[in-house]
Protein chains: 2
Amino acid sequence: MASSIHDLARHLNISIGTVSRALNGRADVNADTRQRVLEAARTLNYSPNQSGRSLRQGATHSIAFMLQPHPGDQQYGEPFFMPFLIGLQAKLAESGLDLIVVMGAPGDYQQERLRRVVETRRADAVVLAWTRREDERIDYLTQAGFPFATVGRSRSGARPYPSLDLDFEKAGADAVDRLVARGHRRIAAIRPSLDLNFSYLFLDGYSKGLLRHGIEVDPELIADGFINEAGGYAVTPRVMRSKNPPTAIIFNNDVMALGGCKALAEMGIRPGQDIAVTVIVDTPLCRYFSPALTAFRPALEPMGQRLAEMLLASIPAFAGPEGPRIIREVWPLELVARDSD
Amino acid sequence: MASSIHDLARHLNISIGTVSRALNGRADVNADTRQRVLEAARTLNYSPNQSGRSLRQGATHSIAFMLQPHPGDQQYGEPFFMPFLIGLQAKLAESGLDLIVVMGAPGDYQQERLRRVVETRRADAVVLAWTRREDERIDYLTQAGFPFATVGRSRSGARPYPSLDLDFEKAGADAVDRLVARGHRRIAAIRPSLDLNFSYLFLDGYSKGLLRHGIEVDPELIADGFINEAGGYAVTPRVMRSKNPPTAIIFNNDVMALGGCKALAEMGIRPGQDIAVTVIVDTPLCRYFSPALTAFRPALEPMGQRLAEMLLASIPAFAGPEGPRIIREVWPLELVARDSD
DNA sequence: CGTTTTTCCGTAAACGTTTACGAGAACACA
DNA sequence: TGTGTTCTCGTAAACGTTTACGGAAAAACG
């Protein structure tokens with residue numbers, strides 16, 4: 001079943017060294033022998049043992065994406081990440097790299113899992129998502145000298161590292177601009193309660209947007225909750241019951257918006273009619289909700305591809321002739337105007 | 001940085017064999033030396049190189065979950081699988097196994113990816129999801145003698161294999177029962193157009209349910225679409241515009257229901273008032289939609305745990321003293337009555 | 001034909017583990 | 001003291017690759 005390089009060598013009556021060289025496309029092997037080797041490999045259904053080559057080369061040819069549920073959440077934010085992963089995987093495959101997604105148990109915030117991946121050398125590099133404002137994972141990886149890239153920024157990290165993020169700050173400000181232009185002055189912001197960095201960026205943009213229009217930031221109109229439907233559901237009534245309730249709400253993500261709209265519905269408040277609703281990160285949910293939610297859309301699949309390029313560019317073994325480079329980029333979020341505001 | 005077993009041996013002035021035995025908890029090593037080895041391992045920050053032990057043992061200590069987007073879909077059905085994966089991963093970890101999620105490119109239906117995993121021995125077993133009625137992956141794995149388990153059943157497979165499925169047939173029939181009891185006789189069914197096995201099971205149950213009440217199955221009330229929001233959106237108007245339109249719709253999954261409800265909204269038809277809507281597989285979306293959707297709920301996390309047990313029980317190396325066993329189970333879907341019917 | 005270069009291939013070591021085997025030391029028992 | 005048993009540990013092979021090195025044969029060159 002499992003045919004090794006020795007089987008090929010024996011079958012062709014040549015040495016294993018030659019077989020290996022032929023397979024790996026090295027120059028010092030006769031064109032004819034190479035042909036025979038490749039053919040034998042096909043007929044004997046040979047494919048190289050990963051453990052063997054990893055051990056010899058000190059490289060696993062795989063990149064790990066760390067997947068972690070948030071505490072209090074069972075959703076992983078996947079509607080967001082799946083298109084991203086498609087792009088990432090496609091680009092990595094071009095360089096012969098496999099993408100593996102490493103699961104963590106809920107609650108331990110990946111540290112333990114990450115250590116495992118790094119120390120047992122299960123992957124050549126990792127991709128981190130859901131970066132936090134202070135992110136111990138980033139500190140650990142830089143300190144360990146392990147290659148990585150992040151989707152999202154962070155304050156952590158002694159050395160620079162490749163990162164790709166969305167411009168949540170601009171989106172937050174743009175959302176305010178649009179609502180103000182439509183006559184709103186009481187605008188609420190609902191965001192995750194965790195230390196997630198994009199949550200801060202969003203709030204910064206929101207605040208700057210308000211100030212730009214001479215509107216004071218009212219703490220009563222800002223609320224934090226779990227980053228899931230239940231979080232939005234729990235927290236939205238709170239801002240609606242403030243002394244001077246908002247006429248518009250900006251939700252930081254789609255699932256919190258879903259929960260929030262549920263709460264609004266139960267209060268008899270209709271998005272798009274009685275209140276304006278804007279969502280920062282667009283997903284199919286926003287589009288197919290009724291009313292369709294105005295949202296800011298990321299280019300997820302291209303982002304995945306780009307992050308792969310950036311990650312590889314930072315690793316000496318994969319970087320081009322000009323040597324490794326650290327690339328950091330922030331991509332725009334594009335407004336998709338729909339019916340909810 | 002990367003300390004090996006040789007480093008430990010040199011540091012302690014003993015042989016690598018002894019170190020290895022101490023680390024692996026074998027009996028023939030002095031309690032005192034074991035203590036010293038373990039301590040040195042901690043201070044030198046040793047952890048075994050996976051490639052090394054995999055190569056030697058012929059086992060990778062990891063299980064692969066094959067993740068594949070459907071053609072025409074970018075969603076992966078993750079809201080469904082994530083809690084399942086949490087359970088799966090938790091149980092596998094108890095046996096020292098890592099769960100890795102292997103991505104496939106959209107469209108190639110995993111075959112290529114699966115071959116890669118199997119042939120390069122990247123995992124000791126795989127878990128398949130989204131089983132099809134005729135599933136070449138199952139044929140391939142049985143023929144290759146590679147351990148696997150599925151969530152979902154299939155017609156394929158020369159030999160029996162562990163599988164865990166939900167009782168879509170009963171859920172379909174129960175949904176009909178409930179709707180009939182509430183006075184409906186024109187009941188539509190909307191399901192994925194792919195060869196997915198649960199789609200057939202659902203339709204069987206639906207048909208049997210109707211016949212049980214003496215209601216003829218009307219092909220005009222059955223529609224197939226992409227298993228995503230767009231699919232439900234595209235296909236729902238078709239059944240609504242039939243000569244004798246339905247007064248109730250059963251959707252096979254949450255995302256198609258979301259799209260379908262969008263289409264209904266645009267036609268001025270309100271779920272829960274103008275039409276009854278039932279969803280077979282419950283997710284947070286169903287709960288937080290307005291109106292909350294009546295749905296059938298699976299116990300996803302326990303299912304993940306159970307499948308891990310079943311998979312391990314089927315592998316000689318992990319099975320208990322009574323030897324390997326093939327377990328197949330079908331779990332119930334529990335009705336959660338809400339506001340949409 | 002002698003010398004140099006090129007082409008091609010075999011040999012063997014190395015990657016980090018695990019483990020079968022055997023041997024020395026300590027101990028028990030008569 | 002002689003014999004057998006039990007504890008411990010070192011030695012070395014093996015897992016499947018890749019690759020540095022060197023050498024034989026062929027080709028090129030004068």
Side-chain angles (χ1 to χ4, degrees), chain A residues 1-38 40-41 44-62 96 98 116 118-124 317, chain B residues 1-38 40-41 44-62 96 98 116 118-124 317:
Chain A
M1 183 89 287
S3 69
S4 80
I5 212 172
H6 289 94
D7 300 326
L8 288 193
R10 204 172 323 121
H11 181 253
L12 293 171
N13 241 347
I14 59 180
S15 80
I16 61 165
T18 307
V19 174
S20 175
R21 279 190 301 264
L23 255 22
N24 291 5
R26 302 199 99 77
D28 56 348
V29 44
N30 186 296
D32 181 59
T33 19
R34 160 165 299 132
Q35 204 52 44
R36 287 170 45 228
V37 169
L38 291 179
L44 290 194
N45 196 15
Y46 168 81
S47 65
N49 180 301
Q50 271 304 322
S51 306
R53 61 199 325 250
S54 294
L55 178 56
R56 170 61 217 233
Q57 304 189 134
T60 62
H61 305 285
S62 61
D98 281 341
R116 232 181 117 70
V118 169
E119 291 175 357
T120 63
R121 284 146 223 118
R122 254 185 199 287
D124 299 337
Chain B
M1 184 89 285
S3 70
S4 82
I5 211 172
H6 289 93
D7 299 328
L8 289 193
R10 204 172 323 121
H11 181 255
L12 293 171
N13 242 346
I14 59 179
S15 80
I16 61 165
T18 305
V19 174
S20 176
R21 279 191 299 265
L23 255 22
N24 291 3
R26 301 199 101 77
D28 57 348
V29 44
N30 186 297
D32 181 59
T33 11
R34 159 164 300 132
Q35 203 52 45
R36 286 170 45 226
V37 169
L38 292 179
L44 291 195
N45 197 14
Y46 167 81
S47 67
N49 179 303
Q50 271 303 322
S51 306
R53 60 200 324 250
S54 294
L55 178 56
R56 171 60 217 232
Q57 303 188 132
T60 63
H61 305 286
S62 60
D98 280 341
R116 233 180 118 70
V118 170
E119 290 175 358
T120 63
R121 284 148 223 115
R122 252 184 200 289
D124 298 336

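Predicted model, so just to flag it, every value in this text is computed and none were measured.
- The distance from atom CG of B:D98 to atom CG of B:D124, rounded to the nearest 0.5 Å, is 10.5 Å.
- Running 5' to 3' along DNA chain D, contacts with non-hydrogen atoms of chain B at under 4.0 Å begin and end at D:dT8 to D:dG16.
- Using a 4.0 Å heavy-atom cutoff across all strands shown, A:R26 reaches sugar-phosphate atoms only and no base atom.
- No contact: B:G58 has no heavy atom under 4.0 Å from any strand.
- Heavy-atom distances to DNA chain C give each of B:T18 and B:G52 a nearest nucleotide, and the one nearer the 5′ end belongs to B:G52.
- Across all strands shown, A:N30 has heavy atoms under 4.0 Å from sugar-phosphate atoms exclusively, and none from any base.
- Residue-level contact check: B:I16 touches the bases, meaning some heavy atom is under 4.0 Å from a base atom.
- Annotation: the span from A:N49 atom CG to B:R122 atom CZ amounts to 10.5 Å, rounded to 0.5 Å.
- Side-chain contact between A:L23 and A:L8: present, with at least one pair of heavy atoms (C-beta onward) separated by less than 4.5 Å.
- Each of B:D28 and A:L55 lies near DNA chain D, and the nucleotide nearest B:D28 is the one positioned closer to the 5' end.
- Within the nucleic acid shown, B:N49 comes within 4.0 Å of sugar-phosphate atoms alone, with no base atom in reach, counting heavy atoms only.
- Remark: side-chain polar atoms of A:R121 are paired, donor with acceptor, to backbone N or O of A:E119 under 3.5 angstrom.
- Expressed to the nearest 0.5 Å, how far CZ of B:R10 lies from OG of B:S15 amounts to 13.5 Å.
- Closest-nucleotide positions on DNA chain D for B:S15 and B:R56 were compared, and the one nearer the 5' end corresponds to B:S15.
- We find the CD-CG distance between A:Q50 and A:L55 to be 12.0 Å, quoted to the nearest 0.5 Å.
- The CZ-P distance, from A:R36 to C:dC8, rounds to 14 Å in whole Å.
- At a threshold of 4.0 angstrom between heavy atoms, the contacts of B:S4 are confined to the sugar-phosphate backbone, with no base atom among them.
- Backbone-only engagement by B:T33 is indicated by non-hydrogen atom pairs under 4.0 Å involving sugar-phosphate atoms exclusively.
- For the side chain to side chain contact (heavy atoms under 4.5 Å, CB included) criterion with B:V19, the lone passing option out of B:N24, B:T33, B:V29, B:I14 is B:I14.
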